[in-house]
S.K.: 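Submitted below is the structure of interest, expressed as structure tokens.
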Amino acid sequence: MKYIKKGDSPAKFEQWKIDFKDRTGREPVYLDLKGSIKRDLKETLLKEQGYICCYCMCRIAAYDSHIEHFIARSEAKDRPYSVVVQDAELGYENLLLSCEGEEGDGKHCGRFKDNAVHEMLLSPTVPSVESDFQYTANGEINGLSPEAMTSVRVLNLSSYDLNRHRRTAIFMSGLFEPDADYDFLIEKFRVPEDGMYAPFCQAILYVLETLKRGEIEE
């Protein structure tokens, strides 16, 4: 996973929630979110994430992604008195953008996660999340903490397709070229280009930094 730094909730989104309550006499829920306000929210989340999935880091766009609740909406219904989950429906901090799986099959990331209890998992909005996963040059992913290991399983991040995509991205990155400049490549994959991170950038960075450490040790 790559760390996602959440910004302020969009003013239009917050105003929509106020206007909805004034108009209907109740707090809005996620199913009330439709039309232009939902499209604008997805665009904000896309930019915030650098156009990669919040979990697997594949490239996403508005048409092949969905708004993901890290704390599942069902948790708020099951635990109505919990302060932790009380804003799960439309709290901006809880909203991410996930891919739809491999060609929309829902076999990894948000659709696969479904209603898993969030306490078992690592959130991509936690700054230390990047250090909880390791990757191999063959595209494999391993969790380095109990929560990370559970996240790999619950999100199916070690699926055959994701391993294959990560492996391809790593080998296409140029890091195995004879004259590879590790510092240049690290900077390239750490920083978004035109607001977009490279797909599977954190996996590429992990392998790059591992190779660089080995080069220094030699």
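Computed from a predicted model, the values in this text were never measured in an experiment.
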S.K.: Check for me, please, whether Val191 and Leu185 land in the same ILVMFWY cluster - side-chain distances under 4.5 Å, paths through other members count.
M.R.: no
S.K.: Could you measure the distance from the CZ atom of Arg111 to the CG atom of Asp105? Nearest 0.5 Å is fine.
M.R.: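 Going from CZ on Arg111 over to CG on Asp105, the span is 11.5 Å.
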S.K.: For residues Val126 and Asp132, determine if any side-chain heavy atom of one lies less than 4.5 Å from a side-chain heavy atom of the other.
M.R.: no
S.K.: With a 4.0 Å cut-off, would you call Glu93 and Lys6 a salt bridge?
M.R.: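 Salt bridge between Glu93 and Lys6, a charged N being under 4.0 Å from a carboxylate O: no.
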S.K.: Say you draw a straight line from CG of Asp40 to CG of Leu45; how long is it, rounded to the nearest 0.5 Å?
M.R.: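 The CG atom of Leu45 is 11.0 Å from CG of Asp40, to the nearest 0.5 Å.
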S.K.: What's the separation between atom CZ in Phe200 and atom OH in Tyr135, rounded to the nearest 0.5 Å?
M.R.: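 These two atoms lie 10.0 Å from each other.
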S.K.: His165 and Ile170: side chain to side chain contact (heavy atoms under 4.5 Å, CB included), yes or no, with the steps?
M.R.: CA-CA 9 Å; His165 292 318; Ile170 289 167; over 6 Å; no
S.K.: Closest heavy-atom contact between Thr44 and Pro10?
M.R.: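 Taking Thr44 first and Pro10 second, the nearest heavy atoms are CG2-CG, 3.8 Å.
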S.K.: Please tell me whether Leu96 and Leu41 are part of a single hydrophobic cluster in this structure, the criterion being side-chain heavy atoms less than 4.5 Å apart.
M.R.: no
S.K.: For the backbone of Gly139 and the side chain of Arg167, can you confirm whether one donor and one acceptor N or O come within less than 3.5 Å of each other?
M.R.: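 Side chain of Arg167 to backbone of Gly139: no pair is present.
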S.K.: Can you name the nearest heavy-atom pair linking Ile37 to Lys12, along with the distance?
M.R.: CD1-O, 3.6 Å
S.K.: Would you please test Met1 and Cys54 for side chain to side chain contact (heavy atoms under 4.5 Å, CB included) and show each step?
M.R.: CA-CA 7 Å; Met1 284 188 203; Cys54 63; over 6 Å; no
S.K.: What's the verdict on side chain to side chain contact (heavy atoms under 4.5 Å, CB included) for Tyr92 and Asp87, showing C-alpha distance, side-chain angles and the deciding distance?
M.R.: CA-CA 9 Å; Tyr92 186 69; Asp87 205 18; over 6 Å; no
S.K.: State whether the number of non-hydrogen atoms from other residues, nucleotides or ligands found under 6.0 Å of Tyr160 atom OH is greater than 12.
M.R.: no
S.K.: Could you check Arg164 against Glu102 for salt bridge (charged side-chain N to carboxylate O under 4.0 Å, His left out), going step by step and ending with a plain yes or no?
M.R.: CA-CA 11 Å; Arg164 175 169 56 87; Glu102 189 70 12; 3.8 Å; yes
S.K.: Are side-chain heavy atoms of Tyr3 and Ser128 found at a separation under 4.5 Å?
M.R.: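 No, every pair of side-chain atoms sits at 4.5 Å or beyond.
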S.K.: Give a yes or no answer on whether the side chain of Gln49 reaches the backbone of Ile52 with a donor-acceptor pair at less than 3.5 Å.
M.R.: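 Yes.
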S.K.: Is there a side-chain contact between Leu208 and Phe189 (heavy atoms, below 4.5 Å)?
M.R.: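 When only atoms from C-beta onward are counted, Phe189 and Leu208 do touch, with a gap below 4.5 Å.
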S.K.: Please name the pair of heavy atoms, one in Ser65 and one in Lys42, separated by the smallest distance, quoted to 0.1 Å.
M.R.: O-NZ, 2.8 Å
S.K.: Is it the case that Lys17 places NZ or CZ above or below the six-membered ring of Phe13, under 6.0 angstrom from the centre and within 45 degrees of the axis?
M.R.: yes
S.K.: Drop me the distance from Asp181's CG to Lys188's NZ, to the nearest 0.5 angstrom.
M.R.: 11.5 Å
S.K.: Group every Ile, Leu, Val, Met, Phe, Trp and Tyr by side-chain heavy-atom contacts under 4.5 Å, then state whether Val154 and Leu162 land in the same group.
M.R.: yes
S.K.: Has Ser98 got a side-chain atom pairing as donor or acceptor with Cys53's backbone, closer than 3.5 angstrom?
M.R.: no
S.K.: With rounding to the nearest 0.5 Å, note down the distance linking SG in Cys109 to CE in Met57.
M.R.: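 Taking SG in Cys109 and CE in Met57, the distance rounds to 9.5 Å.
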S.K.: Please find the pair of heavy atoms, one from Ser158 and one from Asn163, that lie closest to each other, and give the distance.
M.R.: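 For Ser158 versus Asn163, the nearest heavy atoms are O-ND2, 3.3 Å.
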S.K.: Specify the closest pair of heavy atoms between Val129 and Phe133, including all atoms of both residues, with the distance to one decimal.
M.R.: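 Closest pair (atom of Val129, atom of Phe133, distance): O-CD1, 3.4 Å.
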S.K.: Can a donor-acceptor pair be found, under 3.5 Å and without considering hydrogens, that links the side chain of Asn115 to the backbone of Ser74?
M.R.: no
S.K.: Could you tell me if the side chain of Asp32 sits less than 4.5 Å from the side chain of Arg26, heavy atoms only?
M.R.: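 Heavy-atom side-chain distance check passes, below 4.5 Å.
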S.K.: Answer yes or no: is there a donor N or O on one side and an acceptor on the other, between the side chain of Asn138 and the main chain of Glu140, under 3.5 Å?
M.R.: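 Not a single qualifying donor-acceptor pair exists.
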S.K.: Would you call Leu121 and Glu147 a side-chain contact if the rule is heavy atoms closer than 4.5 Å?
M.R.: no
S.K.: If you group Ile, Leu, Val, Met, Phe, Trp and Tyr by side-chain heavy-atom gaps below 4.5 Å, do Phe184 and Tyr182 land in one group?
M.R.: yes
S.K.: Taking the side chain as everything from C-beta on, heavy atoms only, tell me whether Tyr51 gets closer than 4.5 Å to Leu97.
M.R.: no
S.K.: Mark yes or no for whether Asn94, through its side chain, and Gly91, through its backbone, hold a donor-acceptor pair below 3.5 Å.
M.R.: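 Flag not set: sc Asn94 to bb Gly91 has no pair under 3.5 Å.
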S.K.: Can you find a pair of side-chain heavy atoms, one from Cys99 and one from His108, that are under 4.5 Å apart?
M.R.: yes
S.K.: Do Phe171 and Val207 pass the side chain to side chain contact (heavy atoms under 4.5 Å, CB included) test, and can you show the C-alpha distance, the side-chain angles, and the key distance before you say yes or no?
M.R.: CA-CA 10 Å; Phe171 277 90; Val207 176; over 6 Å; no
S.K.: Between Glu209 and Arg190 (salt bridge meaning N to carboxylate O under 4.0 Å), is one present in this structure?
M.R.: yes
S.K.: State whether the side chain of Glu48 and the backbone N or O of Gly7 hold a donor-acceptor pair below 3.5 Å, judged by distance alone.
M.R.: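 Judged by distance alone, yes, a pair lies under 3.5 Å.
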S.K.: Hey, does the Lys NZ or Arg CZ of Lys113 hover above the aromatic six-ring of Tyr55, less than 6.0 Å from the centre and inside 45° of the axis?
M.R.: no
S.K.: Name all residues meeting the salt bridge (Lys or Arg N to Asp or Glu O under 4.0 Å) criterion together with Lys2; count only those two or more places apart in sequence or in a different chain, and write none if there are none.
M.R.: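 Result, salt bridge (Lys or Arg N to Asp or Glu O under 4.0 Å) vs Lys2: Glu130.
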S.K.: Decide if atom CG of Asp22 counts as having more than 12 heavy atoms of other residues, nucleotides or ligands within a radius under 6.0 Å.
M.R.: yes
S.K.: So, does Lys21 use its side chain to make a donor-acceptor pair with the main chain of Glu27 at under 3.5 Å?
M.R.: no
S.K.: Taking the side chain as every heavy atom from C-beta outward, state whether Tyr30 and Ile67 have any pair of such atoms under 4.5 Å apart.
M.R.: yes
S.K.: Using only atom types and a distance under 3.5 Å, with no angle test, would you say the side chain of His69 pairs donor to acceptor with the backbone of Glu89?
M.R.: yes
S.K.: Treat each ILVMFWY residue as a node, draw an edge where side-chain heavy atoms are under 4.5 Å apart, and state whether Phe70 and Met120 are in one component.
M.R.: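 Per the 4.5 Å side-chain linkage, Phe70 and Met120 are co-clustered.
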S.K.: Is any NZ, NE, NH1 or NH2 atom of the basic residue among Asp183 and Lys212 found under 4.0 Å from an Asp or Glu carboxylate oxygen of the other?
M.R.: yes
S.K.: How long is the straight-line distance from OG of Ser151 back to CG of Leu157, given to the nearest 0.5 Å?
M.R.: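 Going from CG on Leu157 over to OG on Ser151, the span is 7.5 Å.
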S.K.: Looking at Arg59 and Tyr197, would you say the former's side chain and the latter's main chain have a donor-acceptor pair under 3.5 Å?
M.R.: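 Yes, because the side chain of Arg59 sits within donor-acceptor range (under 3.5 Å) of the backbone of Tyr197.
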